Amino acid sequence: MVVGGGAAGAATALGLLQAGWRVALVERKPRPRFPRGTPVTRVATLNAASMRLLEDLGVARAVLDRRGHAFYRMEVWDAHSTAAIRFDADDLGVPALGWTVELLALETSLWEALEANGADLRAETRWRAIDWRPDRVDLHLQGGDVLRTRLLVAADGGESPLRTRAGIAVRRTPYHASGVVATVGTRFAHEDTAWQRFDHDAIVAFLPLADGRCSIVWSQPDYAAEAVMALDDDAFARALEDAFGGRLGTIESVSPRHLFPLVGRQAQDYARGRLVLVGDAAHTIHPLAGQGLNLGFADVQALLEALPNEAGGDPAGTDALREYTRSRRLENETMLRAMEGLRWLFGSRQPVVTALRAAGVRQTDRRDLLKRFFALRALGL
Ligand SMILES: Cc1cc2nc3c(=O)[nH]c(=O)nc-3n(C[C@H](O)[C@H](O)[C@H](O)COP(=O)(O)OP(=O)(O)OC[C@H]3O[C@@H](n4cnc5c(N)ncnc54)[C@H](O)[C@@H]3O)c2cc1C
């Protein structure tokens with residue numbers, strides 16, 4: 001059974017179902033739907049490994065048909081030095097550097113496939129109590145139903161109520177920062193490029209969308225994020241142009257904005273008894289490298305690989321969950337630390353650090369092998 005029907009939970013449920021398990025999915029929100037003309041809200045950049053998982057699950061086409069968009073170049077630069085780095089899919093010999101997809105498109109496509117494959121889908125459902133038994137877990141739902149399972153997957157997001165109930169501790173890294181998310185039209189074309197500018201502790205990313213607009217993620221200290229949220233659209237557009245160094249010309253349209261507080265989290269353990277954590281329930285990371293959901297999908301892939309096939313016995317056998325935890329926790333920790341290092345490096349105002357980062361980024365940009373190493377890692381290859 002999976003609790004949490006976001007992208008990570010729905011993908012896990014679909015993978016389990018396709019491997020022959022009977023699966024129930026419990027989600028407290030209404031079932032996701034993607035009606036024609038639905039406004040763009042949250043967007044994530046997926047890497048090649050995530051796209052491969054979606055292909056294996058048979059939903060990649062459905063996701064891409066819902067306004068998914070491939071990008072072929074990435075450009076990252078520092079506002080306070082000449083440091084800049086460019087990646088190009090052709091140079092790396094890959095078909096695309098990544099895809100911008102809407103979370104609602106992902107969730108809708110996964111839920112449709114779950115329904116078609118006969119999953120027991122429980123939207124708008126909350127659980128109220130759990131019985132942990134040696135051979136199973138009983139999840140008592142509000143309304144009286146009891147679901148019995150041999151493996152309980154917690155995919156219930158960063159604040160994971162199941163993780164808390166199981167008593168799994170979590171290390172939190174408050175970034176004291178929030179991400180402002182909006183969809184904007186720009187004077188110049190986005191050129192199928194993902195753009196990112198570092199300006200000390202303000203980082204702004206422009207992610208290319210299928211309709212020619214960009215989805216922006218502007219992370220900055222809480223007080224600054226709240227201040228730009230309070231601006232009217234015109235003043236917001238001018239402030240954003242400034243933060244982006246005017247790279248795509250004037251900002252010509254701005255959608256409603258959303259604010260996301262940013263917190264790094266790492267669960268001390270990814271499994272306990274018959275409970276296993278995936279996605280944001282296990283870890284959350286600063287969005288500066290667009291890796292949060294990619295790491296979540298890598299969890300899903302690793303869990304599906306670690307579990308025995310249906311005939312093969314207990315899904316919560318200690319070996320399977322130990323193998324899953326071993327393979328994912330260290331990998332996620334490495335990415336978390338790397339993002340914290342990058343944030344420190346680009347956030348520092350000390351002249352010596354500015355000079356060092358300029359030199360480091362220039363060297364990386366010039367050295368094909370090093371650049372290739374970083375790019376392929378980000379692509380999950
Ligand atoms: C500003 C921003 C930009 C980002 N950009 C990127 C990016 O470009 N690329 C990328 O890879 N990642 C990105 N991320 C990260 C990515 O959005 C998340 O990692 C991902 O959406 C998490 O998916 P999830 O399924 O693990 O959790 P969630 O999407 O949080 O899903 C959890 C689900 O559990 C449900 N739930 C919670 N409690 C219960 C309960 N008690 N009972 C039943 N259901 C429950 C919730 O309703 C929800 O549907 C970004 C994050 C932010 C904040």
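The structure displayed is predicted, hence computed values, not measured ones. Every number for a ligand or one of its atoms is a count from 1 in the order of the listing. Hydrogens, waters and symmetry mates are skipped; everything else that's a heavy atom, side chains included, is used. Count residues from 1 along the sequence.
Nearest protein heavy-atom neighbour of atom 30 (O) of ligand 1: G157 CA, 3.7 Å. Scanning all protein heavy atoms for the shortest distance to atom 25 (O) of ligand 1 gives A8 N, 3.0 Å. Counting protein heavy atoms only, atom 31 (O) of ligand 1 is closest to G6 CA, 3.7 Å. Atom 19 (O) of ligand 1 has as its closest protein heavy atom D280 OD1, 2.7 Å. Looking only at protein heavy atoms, the nearest one to atom 23 (O) of ligand 1 is L293 CD1, 4.0 Å. The protein non-hydrogen atom at the shortest distance from atom 41 (N) of ligand 1 is W127 NE1, 3.6 Å. Scanning all protein heavy atoms for the shortest distance to atom 42 (N) of ligand 1 gives V3 CG1, 3.8 Å. Of all protein heavy atoms, the one closest to atom 47 (O) of ligand 1 is E27 OE2, 2.6 Å.
With W77 as the aromatic partner, R86 does not meet the cation-pi criteria of under 6.0 angstrom to the ring centre and within 45 degrees of the ring axis. For the pair R247 and F206, the NZ or CZ position fails the cation-pi test of under 6.0 Å to the six-membered ring centre and within 45 degrees of the ring normal. Taking the ring axis of F260 as reference, the NZ or CZ atom of R42 stays within 45° of it and closer than 6.0 Å to the ring centre.
The ring pair (Phe, Tyr, Trp, His ring centres under 6.0 Å) check on W111 picks up nothing, with sequence neighbours excluded. A search for salt bridge (Lys or Arg N to Asp or Glu O under 4.0 Å) contacts involving D131 returns R133, not counting sequence neighbours.
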Between R66 and S109, is a side-chain hydrogen bond (donor to acceptor under 3.5 Å, both in side chains) present by the stated rule, with each step listed?
-> CA-CA 9 Å; R66 290 186 160 113; S109 305; 2.9 Å; yes

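A heavy-atom distance below 4.5 Å is not found between the side chains of T12 and D299.
Set against the non-hydrogen atoms of G279, the atoms of ligand 1 under 4.0 Å away are 26 (O). Listed by atom number, the atoms of ligand 1 under 4.0 Å from G290 heavy atoms are 7 (C), 8 (O), 9 (N), 10 (C), 11 (O). Interface of G292 with ligand 1, defined as ligand atoms under 4.0 Å from a residue heavy atom, comprises 10 (C), 11 (O), 12 (N), 15 (C), 19 (O). Less than 4.0 angstrom separates some heavy atom of V26 from each of these atoms of ligand 1: 43 (C), 44 (N). Below 4.0 Å from some heavy atom of N294 lie the following atoms of ligand 1, by number and element: 11 (O). Numbered from 1 in the order shown, with element, the atoms of ligand 1 that lie under 4.0 Å from a heavy atom of K29 read 47 (O), 49 (O).
Checked against a 3.5 angstrom limit, the closest N/O atoms of R28 and ligand 1 fall inside it.
The proximity of V181 to ligand 1, defined as any non-hydrogen pair under 4.0 Å, is limited to the side chain. The part of L103 lying near ligand 1 is the side chain, judged by heavy-atom distances below 4.0 Å. Residue-level proximity to ligand 1 for A155 is carried by the backbone, the only part with a heavy atom below 4.0 angstrom.
The shell of residues lying under 4.0 angstrom from ligand 1, judged by heavy atoms, includes P161. Distances from ligand 1 to the non-hydrogen atoms of R42 include at least one value under 4.0 Å. Not a single heavy atom of R126 lies less than 4.0 angstrom from ligand 1.
Distances from atom 3 (C) of ligand 1 to the heavy atoms of G158, A123, G4, P287 show the closest one on P287.
Using the six-membered ring where Trp is involved, Y175 and H286 have ring planes that are perpendicular, over 60° apart on the 30 and 60° scheme.
No more than 12 heavy atoms of other residues, nucleotides or ligands lie within 6.0 Å of CZ in R187, so this atom counts as exposed by the packing criterion.
A salt bridge does not link E55 to R52: none of the charged side-chain nitrogens sits closer than 4.0 Å to a carboxylate oxygen. With respect to R274 and D314, a salt bridge is recorded, a charged nitrogen being found less than 4.0 Å from a carboxylate O. A salt bridge links R61 with D65; the closest basic N to acidic carboxylate O contact falls under 4.0 Å.
Smallest separation of non-hydrogen atoms from A123 and K29: CB-O, 3.7 Å.
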